[in-house]
Amino acid sequence: MPELPEVEVVRAGLAPAVTGARIAAVDVLDVRALTRHDPSSGDFEQLATGATIGAAVRRGKFLWLPLDSAGGPRAIVGHLGMSGQLLLRTPDHPGDDRHARIRLHLEHPAHGELRVDFVDQRTFGSLAVDRLVPTADAEIAGFSGEATGEWARLVPTQVAHIARDPLDPAFDDDLFFHRMSRRASGVKRVLLDQGLISGIGNIYADESLWAVALHGEQPASSLTRRRRLDLLRAVRDVLGKALVEGGTSFDEQYVNVNGESGYFAHSLNAYGRAGLPCPRCGTPMVREAFMNRSSHRCPRCQRLRRPRAARGR
DNA sequence: CGAAAGACCTGAGTGC
DNA sequence: TGCACTCAGGTCTTTC
């Protein structure tokens with residue numbers, strides 16, 4: 001499942017190939033890939049065709065390509081959902097992809113013709129052309145490597161409500177701690193709430209909680225400031241390590257080959273380890289139902305600690 | 001505003 | 001062989 005590190009690998013792989021490229025043509029093979037596109041603003045193909053891409057930008061799990069199109073600043077916004085891939089290909093790559101949804105035919109001044117294929121088996125991902133609006137805090141909208149431009153402090157409308165991710169220099173730690181303190185729900189739910197902190201999915205939530213020995217159902221408001229600091233540090237550590245592994249394991253070949261390989265190449269301490277010994281204490285890990293999905297934890301290290309007042313009988 | 005539940009979607013795997 | 005079911009889960013929408 002693409003979370004922040006995986007999306008960043010895609011962004012970094014795409015950036016040198018698409019920056020400065022002109023979109024010569026667009027093929028929409030499956031309209032379900034446009035579910036996030038607002039047709040009242042114009043037709044996706046028409047808005048994208050002829051535009052030149054300024055960069056590849058990411059916030060959390062959202063990715064966007066600012067366009068130089070007329071009629072106000074816009075971008076192609078992408079979300080990979082659960083199974084989406086953005087694959088960089090040569091123009092003659094066979095079109096036999098069963099799950100290819102959208103193709104962008106590009107002309108790059110230095111690299112010539114190339115193609116970006118949006119491939120998505122489960123169709124939870126999508127592309128859209130969206131307007132860019134100023135960021136609420138006037139800071140840089142997202143991560144775009146070294147690239148910069150007039151789009152730098154503009155964010156797609158559909159990403160505006162998404163919180164900054166914890167690797168963003170403009171992420172406000174104290175704001176996050178404050179909002180956390182007002183949440184009675186479990187701390188895992190808070191980590192997955194993209195409106196509070198973005199980029200974390202089920203895998204890295206479980207990994208981060210394991211790293212600081214926290215139970216996911218522990219009420220967020222019950223954590224001391226010290227625990228919150230530890231947790232945020234663990235989140236950054238887990239995401240950062242996955243990013244390094246993702247970067248080294250697929251290198252620049254990644255987008256040319258296969259977006260899925262390498263997603264789980266890094267070592268996991270909790271996710272998917274039900275029945276296996278906890279790497280810290282050796283106790284068999286457990287898998288529990290959580291919000292229509294699964295949580296993985298060590299029943300010994302990660303125990304629920306009820307607040308004193310609520311500890312009954 | 002927060003919290004929780006439902007909807008969306010396809011393919012692999014399992015049990016009968 | 002076929003059928004029903006479960007699981008994978010990110011985000012948006014609805015309801016309270």
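Because the structure is a prediction, the values reported are computed rather than measured. Letters go in sequence order (proteins before strands), and every chain restarts at 1.
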*Salt-bridge present (A/Arg228, A/Asp230; N to O < 4.0 Å)*: no

_Sugar-phosphate or base contact per nucleotide [nucleotides 11-16 of chain C; S, B, -; heavy atom under 4.0 Å]_ = BS----

*For the pair A/Asp165 and A/Arg58, find out whether any cationic side-chain nitrogen is under 4.0 Å from an anionic carboxylate oxygen.*
yes

*Using whole Å, report how far CE of A/Met82 lies from P of C/dC7.*
14 Å

*Is there any ring pair (Phe, Tyr, Trp, His ring centres under 6.0 Å) pair reaching into residues 39-67 of chain A, and which pairs are they, with sequence neighbours excluded?*
A/His37-A/Phe44, A/Phe62-A/His79

Show me the side-chain donor-acceptor pairs of residues 145-153 of chain A shorter than 3.5 Å, one per line, residues at least two apart or across chains.
from	atom 1	to	atom 2	distance (Å)
A/Arg153	NH1	A/Ala138	O	2.6

*Return the value, rounded to whole Å, for the distance between atom CG of A/Asp193 and atom P of C/dG9.*
18 Å

*Would you say a side-chain N or O of A/Asn202 is under 4.0 Å from OP1 or OP2 of C/dG9?*
yes

_Cation-pi geometry met for A/Arg297 and A/Trp210 (6.0 Å, 45°)_ = no

*Nearest whole angstrom, please: distance from the C1' of B/dC8 to the CZ of A/Arg32.*
10 Å

*Whole angstrom value for the distance that separates P of C/dG9 from CG of A/Asp120*: 16 Å

_Once you apply a heavy-atom cut-off of 4.0 Å, does A/Ser294 come out as touching a base, just sugar-phosphate, or nothing?_
sugar-phosphate

Please output the side-chain donor-acceptor pairs of residues 185-193 of chain A that fall under 3.5 Å, not counting sequence neighbours, one pair per line with the distance.
from	atom 1	to	atom 2	distance (Å)
A/Lys188	NZ	A/Asn202	OD1	2.7
A/Lys188	NZ	A/Asp206	OD1	2.6
A/Lys188	NZ	A/Ser294	O	3.4
A/Lys188	NZ	A/Ser295	OG	2.7
A/Asp193	OD1	A/Gly195	N	2.9
A/Asp193	OD2	A/Arg183	NH1	3.2
A/Asp193	OD2	A/Arg183	NH2	3.4

Tabulated below should be each protein N or O lying under 3.5 Å from an N or O of nucleotides 2-5 of chain B; please produce it.
from	atom 1	to	atom 2	distance (Å)
B/dA3	OP1	A/Ala184	N	2.9
B/dA3	OP1	A/Ser185	N	3.4
B/dA3	OP2	A/Arg183	NE	3.2
B/dA3	OP2	A/Arg183	NH1	3.2

*Whole-Å gap separating C1' (C/dG10) and CZ (A/Arg58)*: 16 Å

*asked:* Under 4.0 Å between a side-chain nitrogen and a carboxylate oxygen: does that hold for A/Asp237 and A/Lys241?
replied: yes

*asked:* Among A/Arg103, A/Arg115, A/Arg89, which residue satisfies the salt bridge (charged side-chain N to carboxylate O under 4.0 Å, His left out) criterion with A/Asp97?
replied: A/Arg89

*Whole angstrom value for the distance that separates C1' of B/dA12 from CD of A/Gln121*: 9 Å

_Value in whole Å for how far the P atom of C/dG9 lies from CD of A/Glu3_ = 9 Å

*Can A/Arg101 and A/Asp120 be counted as an ion pair, charged N to O under 4.0 angstrom?*
no

*Do A/Asp172 and A/Arg179 meet the salt-bridge criterion of a basic N to acidic O distance under 4.0 Å?*
no

*How long is the span from the CG atom in A/Leu65 to the CD1 atom in A/Ile53, to the nearest 0.5 Å?*
5.0 Å

*Would you mind reading off the distance between A/Phe124 atom CZ and B/dG6 atom C1', rounded to a whole angstrom?*
12 Å

*Angle by which the axis turns from one end of the helix from B/dG2-C/dC16 to B/dC16-C/dG2 to the other, five pairs per end, to 10 degrees*: 50°

